[in-house]
Amino acid sequence: MACLHDHSCEDHNCAADWSLFNHIDVPKVVALNESVAGSAKSVFKPWEQRLDTSGGFLESNEGDPELLVFIPFTSDVKVKSISVVGGPDGTSPSRMRAFINREGIDFSDAQNMQPVQEWELAENLRGVLEYQTRYSRFQGVANLTLHFPDNFGGDTTKIYYIGLRGEATQNKRDVAATIVYEIMPNPSDHNYIITLVSSTLFVLLSPKLVI
Amino acid sequence: MVLEATMICIDNSEWMRNGDYAPSRFQAQADAVNLICGAKTQSNPENTVGVMTMAGKGVRVLVTPTSDLGKILACMHGLEVGAEANLSAAIQVAQLALKHRQNKRQQQRIIAFIGSPVKYDKKVLETIGKKLKKNNVSLDIVDFGETDDEKPEKLEALVAAVNSSDSSHIVHVPPGENALSDVLISTPIFTGEEGGSGFAASAAAAAATGAAGFEFDVDPNVDPELALALRLSMEEERARQEAIAKKAAEESSGAENKDHASSSNTDSVMAEAEPASNATADDKKDQPKDDDDAHLLQQALAMSMEEGSSGAAAVADAAMAEAAVDDQDLALALQMSVQDASMSSQSDMSKVFEDRSFVTSILNSLPGVDPNDPSVKDLLASLHGQGEQEKKEDQDKPEDEKK
């Protein structure tokens with residue numbers, strides 16, 4: 001059951017339950033309305049570090065508490081529960097809406113669409129609260145979009161940690177990632193360190209040179 | 001190589017009939033649009049570009065984002081100019097068009113050409129900008145055409161509101177000789193974040209120099225191997241020249257201690273000069289030899305007039321080093337002559353010094369040198385101390401009598 005820390009943790013390892021962190025494709029995490037580009041990635045870390053803000057946190061733009069976080073996984077997962085650690089002084093999110101397997105959701109889509117599940121959140125500064133999902137609807141999740149429409153009255157919304165608990169399957173949805181078919185070679189695609197030796201070899205071997 | 005979907009908003013309002021950009025503002029805009037489309041599709045083959053109008057028959061999308069350049073060029077034909085541009089509606093429509101792009105992985109970008117006056121306030125523009133920023137859309141603005149007092153500030157405020165991590169830009173193009181597209185080529189709108197695709201870079205170089213004024217007159221795009229080879233050989237040559245110059249400087253500075261090769265060279269040069277010139281110092285200065293040696297020689301002579309012989313050697317070496325630094329060719333020639341002198345005519349040099357009377361006569365002719373000075377005598381003694389001591393002793397006796 002949910003580990004609400006009203007028992008001592010010595011007999012089992014809480015961290016192991018929150019193992020879905022390992023299956024998140026962190027480089028491809030995208031957030032909309034974040035004030036610092038790329039800060040959404042700092043929100044996904046191991047359970048033990050959930051209160052550690054040294055790596056940065058996710059904050060929305062001034063005067064606009066909405067946040068949208070897109071979380072792709074490296075394989076299909078089943079999500080059992082979600083935990084969110086927010087900021088103090090009313091900057092914690094108050095509601096959360098989840099969408100499954102939809103890429104490219106933006107705010108107007110999120111506001112108009114019916115979410116797969118919606119929760120009322122409480123201020124969870126210590127990271128002890130978690131929110132159960134309707135497990136039957138969260139099977140085979142390739143990516144998860146979380147929309148936080150408002151907060152507890154603060155100017156911005158701050159999120160320090162998002163934890164996901166569940167199981168990972170080995171299935172993958174789409175294998176074809178970004179493959180670039182080159183008709184013309186484009187040097188900026190290939191960031192190799194070309195040494196002088198290899199470049200002179202290239203010069204020597206090329207038949208076009210007239211020197 | 002950012003994967004991007006771009007919507008270009010064209011201003012085809014009445015203000016575009018003006019001819020202050022050749023041939024007309026509208027034509028200049030059309031050329032710029034064509035160039036931008038080419039650059040975007042070249043930098044990443046999966047990029048898409050769409051075009052829409054802000055005025056004319058109304059805000060409408062001419063081409064939805066596509067990578068087909070032909071469609072984009074075709075739609076620019078037959079556009080009519082008229083009415084007023086509606087900036088906020090245009091941006092909203094552009095956002096919608098980008099939202100429905102086929103490849104959701106592409107970044108969203110809007111490029112707006114604004115040539116007519118802007119009738120919105122700053123506040124309204126800032127709200128528009130914030131909305132774009134919230135949806136992660138970048139905005140580039142080309143401010144040209146009509147200039148009124150507040151237009152640049154308003155547009156700057158709009159770009160500042162949209163900008164996150166430097167992905168949005170604004171360019172102000174005043175009317176003048178340069179075509180709109182030429183001015184745009186060097187801006188970040190064209191070159192993107194990483195500083196350029198091959199297309200943009202070569203177009204920029206061509207535009208900037210007016211002709212194919214590339215390094216070594218070889219277009220790196222046309223013949224990259226040749227350009228690379230030429231560049232490498234130039235660098236190697238430069239490195240070699242630097243090594244030679246450094247070696248010449250080191251040798252000349254090290255000559256004071258043991259190796260008298262360069263000083264012997266200087267002395268031999270001076271020795272050649274002495275018999276040919278008159279006794280007076282001024283005449284020596286005024287005797288030009290070859291053009292190559294004249295400057296160096298005069299420097300060496302002038303400096304040697306001012307100081308003693310041991311000082312002369314050092315100063316002349318310094319002069320030679322300076323001259324070497326100034327003129328690479330001269331340095332090379334000097335280096336070669338020094339090596340030749342030291343290698344082939346080492347024996348000759350030592351013979352010259354052995355002829356002590358010759359040396360003494362030279363020293364006598366130098367006004368700053370007193371041959372009877374003990375330091376001079378020691379110097380001369382050390383010159384001969386290279387295994388020729390017997391000969392020196394033999395010569396010493398008659399020369400002591402001579403003195």
Side-chain angles (χ1 to χ4, degrees), chain A residues 28 30-40 60-68 70 72 102-112 143 145 174 176-191 194 196-211, chain B residues 1-3 5 42-46 92 95-96 98-108 126-127 129-138 161 163-167 191-201 218 220-233 235-236 239:
Chain A
K28 295 217 190 94
V30 174
L32 288 187
N33 203 26
E34 54 183 351
S35 59
V36 176
S39 55
S60 69
N61 280 317
E62 276 285 318
D64 197 349
E66 269 190 275
L67 271 176
L68 194 73
F70 172 74
R102 304 195 58 132
E103 282 196 16
I105 293 185
D106 69 352
F107 284 105
S108 49
D109 294 336
Q111 279 149 12
N112 298 333
N143 54 61
T145 306
D174 48 4
T178 46
I179 301 174
V180 179
Y181 300 95
E182 289 191 334
I183 301 173
M184 272 184 330
N186 190 335
S188 55
D189 271 344
H190 307 281
N191 292 323
I194 300 176
L196 193 60
V197 174
S198 59
S199 59
T200 43
L201 256 177
F202 170 68
V203 163
L204 288 171
L205 293 174
S206 165
K208 270 209 259 181
L209 296 177
V210 182
I211 287 190
Chain B
M1 269 286 281
V2 190
L3 186 56
Q42 259 228 348
S43 78
N44 185 333
E46 287 185 66
Q92 281 178 322
Q95 244 186 297
L96 203 61
L98 286 172
K99 184 168 132 161
H100 293 289
R101 64 196 185 284
Q102 287 197 319
N103 182 356
K104 299 288 179 195
R105 290 214 180 95
Q106 289 167 330
Q107 303 277 352
Q108 306 173 66
E126 278 176 8
T127 334
K130 280 200 190 128
K131 193 152 169 263
L132 285 175
K133 183 175 180 183
K134 187 169 171 180
N135 287 299
N136 213 6
V137 180
S138 326
N163 199 1
S164 73
S165 66
D166 229 10
S167 62
T191 58
E193 275 91 69
E194 309 93 35
S197 61
F199 179 92
V218 173
N221 283 336
V222 167
D223 202 347
E225 295 159 348
L226 184 55
L228 179 64
L230 287 170
R231 192 157 37 96
L232 280 174
S233 66
E235 282 168 11
E236 274 167 27

**Request:** Measure A:Glu34 against the heavy atoms of chain B and call it side chain, backbone, both or neither at under 4.5 Å.
**Result:** neither
**Message:** Less than 4.0 angstrom from a charged side-chain N to a carboxylate O is my criterion; do A:Asp109 and B:Lys99 meet it?
**Reply:** yes
**Request:** Decide if atom CD of B:Gln107 counts as having more than 12 heavy atoms of other residues, nucleotides or ligands within a radius under 6.0 Å.
**Result:** no
**Item:** salt bridge (Lys or Arg N to Asp or Glu O under 4.0 Å) between B:Lys134 and A:Asp64, intermediate numbers included
**Value:** CA-CA 9 Å; B:Lys134 187 169 171 180; A:Asp64 197 349; 3.1 Å; yes
**Request:** Measure the spacing between CG of A:Asp106 and CD of B:Gln95 and express it to the nearest 0.5 Å.
**Result:** 8.0 Å
**Request:** Would you mind checking which part of B:Ser165 comes under 4.5 Å of any heavy atom in chain A, side chain (CB onward), backbone (N, CA, C, O), both or neither?
**Result:** side chain
**Request:** Would you check, one step at a time, whether the test side-chain contact (heavy atoms from CB on, under 4.5 Å) holds for A:Asn61 with B:Lys133?
**Result:** CA-CA 9 Å; A:Asn61 280 317; B:Lys133 183 175 180 183; 3.9 Å; yes
